[in-house]
Amino acid sequence: MKFIHSADLHLDSPFLGLKDVPQEFAKTIYQSTFQAFQNLVNDAIQFKVDFICISGDIFDRDQHSIAAESFFNEQCLRLEEASIPVYLSFGNHDYQKVDNQLQFPDNVTVFDNHVETKVLELADGQRVAISGFSYETRWITDDRLSEFPSRNRQVDWQIGLLHGALSGLKSPHANYAPFQLKELLAKKYDYWALGHIHKRQVLNQQPPIIYSGNTQGRHKNEAGKKGYYLVTSQGDTLVPEFHECEAAIWRSIQVMVRPTETVSDVLSDVQSAVETDGVFHELSLISVVLKAEALSQEVQIQLDNGTLLLRLQRQLGAQHKEMWPYELVLETPPKKMSFDDFDHDSWQQAETETFTKAQVATVADKLFAYDFIESYFSSNEAIEKVRLAAIEQLNGKKSKGF
């Protein structure tokens, strides 16, 4: 058996954090969520998978565009021609009442707004049970795992589709069908195909419990490789393998810069770093981070007024049509605070409250059970040595008096 687990296609999603993008890149960027799914479908047909699971958020909004609906149907028709069924659930972005659902090709099965199980019989006679549900509203705050059946012993494989988030204290995803890992394991399924979290994550190795992540990063916080999992049966286990399918990739490249470098030096350093990092896609959207304690005046001026970024965009664009550096930022090491940086009055107050025999005794705790330690710190001289040692430590110096 072989199937694809994907989620969070977010078809027709807007890209964020980009401005003044050249016209030749704009179309690729706009089409990237569509192209990523088409790449997935191409792979599904090439690999001759038995079926595809999509765990929510096929569309970016509940009121999705006609273009997104039409494109998704076209790709599903390609899968139907290849005899590949699709099992999908709607998530918090494309939530809807399933009884009023869109018209999909016959090979597409949409899970209801309550948990239900579909059984698929493969060409070789193996039977696969797939359980899941679709969001009817934007938020689902209750745990739906109790509605999922335990593993069906009458089938060869059981898979769970769940668009939700691990529950936890003050979780920012508490509104999205929260669950606990132990609940998933208790169902004894062979594979859990998770959606909603856009960062690819393996929550459990065997049985696999996996967030496939989204198929296309949409802003710089969704950087790195994006795609799906190709899951293959090996004996009595299912083995997942990640495959990329994104059309554009967000990347961050760090470049060390010396204070003595000229603008030409910096541009050369950046170009070298970009080329060393490699090119993998039709379009790479690059954030360049200059790491330096300080920059020369000319470099700082051109960085601040945007000239350095414009020059970098022209330079790279002339040689690498698939690269677009969208930002250029400076990162300096944190300043080490010295004793002189402390407010004098604040220090005096802290000094009065901290360097006392009572406070030293509290910190020493059970060490005062040793007579020689208790005796040493009973003197004002010892407390003064502690105070001086603290000042020297704050100045980054090694204490000589203690």
Side-chain angles (χ1 to χ4, degrees), residues 6 8-46 60 67-68 71 75 198-200 212-228 230 241-257 263-291 302-303 306-331:
S6 68
D8 300 286
L9 310 180
H10 288 277
L11 298 177
D12 210 14
S13 173
F15 265 53
L16 303 175
L18 293 175
K19 60 181 181 179
D20 302 325
V21 178
Q23 187 62 36
E24 62 266 28
F25 294 149
K27 183 176 180 181
T28 300
I29 293 170
Y30 172 73
Q31 294 288 342
S32 62
T33 55
F34 296 97
Q35 185 61 54
F37 183 56
Q38 183 170 315
N39 293 343
L40 182 153
V41 171
N42 293 344
D43 289 353
I45 294 171
Q46 178 185 345
D60 191 59
F71 174 81
Q75 297 306 311
H198 291 183
K199 182 179 180 180
R200 189 170 75 253
S212 62
N214 53 348
T215 51
Q216 171 62 58
R218 302 166 302 152
H219 48 76
K220 67 178 183 179
N221 292 331
E222 295 182 348
K225 299 176 181 180
K226 298 291 182 178
Y228 63 88
L230 178 66
E241 180 181 71
F242 176 72
H243 286 252
E244 290 183 70
C245 69
E246 72 278 329
I249 189 168
W250 297 78
R251 300 158 58 195
S252 178
I253 296 176
Q254 298 186 348
V255 181
M256 300 297 297
V257 178
V263 169
S264 296
D265 293 333
V266 172
L267 290 173
S268 178
D269 289 346
V270 172
Q271 180 167 343
S272 176
V274 168
E275 292 175 346
T276 299
D277 189 65
V279 179
F280 313 101
H281 299 81
E282 184 177 349
L283 176 59
S284 292
L285 301 165
I286 305 171
S287 169
V288 180
V289 180
L290 303 180
K291 297 180 72 68
Q302 291 198 25
L303 176 66
T307 302
L308 192 62
L309 177 59
L310 289 173
R311 293 180 64 175
L312 177 62
Q313 289 169 341
R314 285 199 299 267
Q315 181 173 306
L316 279 178
Q319 302 177 42
H320 303 282
K321 301 298 183 184
E322 67 287 341
M323 293 182 178
W324 176 250
Y326 66 90
E327 72 173 4
L328 187 63
V329 295
L330 173 64
E331 183 179 296

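Just so you know, these numbers use all the heavy atoms, side chains as well, and skip hydrogens, waters and symmetry mates.
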Task: Whether Lys226 side chain and His198 backbone form a donor-acceptor pair below 3.5 Å - done: yes
Open item on the list: Please check: side-chain N/O of Trp324 versus main-chain N/O of Phe25, any donor-acceptor pairing under 3.5 Å?
Closed with: no
Open item on the list: For Ser13, is there any backbone N or O sitting under 3.5 Å from a side-chain donor or acceptor partner on Asp60?
Closed with: no
TODO: Apply side-chain contact (heavy atoms from CB on, under 4.5 Å) to Leu308 and Leu267, showing your working.
DONE: CA-CA 8 Å; Leu308 192 62; Leu267 290 173; 4.0 Å; yes
Task: Shortest non-hydrogen contact between Phe34 and Ala68, atoms and distance - done: CE2-CA, 3.7 Å
TODO: Report the relative orientation of the aromatic rings in Tyr228 and His243; use parallel for angles under 30°, tilted for 30 to 60°, perpendicular for over 60°.
DONE: parallel
Task: Donor-acceptor pair, side chain of Gln313 and main chain of Pro325, under 3.5 angstrom - done: yes
Open item on the list: Any side-chain to backbone donor/acceptor pair from Thr33 onto Asp12? Under 3.5 Å, distance only.
Closed with: yes
- [ ] State whether a side-chain donor-acceptor pair under 3.5 Å links Asn42 with Gln38.
- [x] no
Open item on the list: Keeping Arg200 on the side-chain end and Lys225 on the backbone end, is there a donor-acceptor pair under 3.5 Å?
Closed with: yes
TODO: Of all the heavy-atom pairs spanning Leu316 and Met323, show the shortest one and how long it is.
DONE: CD2-SD, 4.5 Å
Open item on the list: Quick check against the 3.5 Å criterion: does Glu222 have a side-chain atom that pairs as donor or acceptor with the backbone of Arg218?
Closed with: yes
Task: Closest approach of Ser284 to Arg251 (non-hydrogen atoms, all atoms of both residues) - done: OG-NH1, 2.9 Å
Open item on the list: To check you understand the geometry: which heavy-atom pair defines the closest contact between Gln216 and Ala247, and what is its length?
Closed with: OE1-N, 2.8 Å
- [ ] Kindly give the heavy-atom pair with the smallest separation between Asn214 and Gly217, and that separation in Å.
- [x] ND2-CA, 4.1 Å
Open item on the list: Within this structure, what is the CG-CG distance for the pair Leu230 and Leu40, rounded to the nearest 0.5 Å?
Closed with: 9.5 Å
- [ ] Indicate the atoms forming the closest heavy-atom contact of Cys245 with Gly227, along with that distance.
- [x] SG-CA, 3.6 Å
TODO: Given side-chain contact (heavy atoms from CB on, under 4.5 Å), test Leu290 with Val270 step by step and report yes or no.
DONE: CA-CA 9 Å; Leu290 303 180; Val270 172; 4.0 Å; yes
Task: From Ser32 atom OG to Ile249 atom CD1, the distance as rounded to the nearest 0.5 Å - done: 12.0 Å
TODO: Report the distance from atom CG of Leu309 to atom CZ of Arg311, rounding to the nearest 0.5 Å.
DONE: 12.0 Å
Task: Donor-acceptor contact below 3.5 Å, side chain Gln254 vs main chain Lys291 - done: no
Open item on the list: Just verifying a value: how many Å separate Gln271 CD and Ile253 CD1, rounded to the nearest 0.5 Å?
Closed with: 11.5 Å
- [ ] Applying side-chain contact (heavy atoms from CB on, under 4.5 Å), run through Ile29 and Leu285 and close with a yes or a no.
- [x] CA-CA 10 Å; Ile29 293 170; Leu285 301 165; 4.2 Å; yes
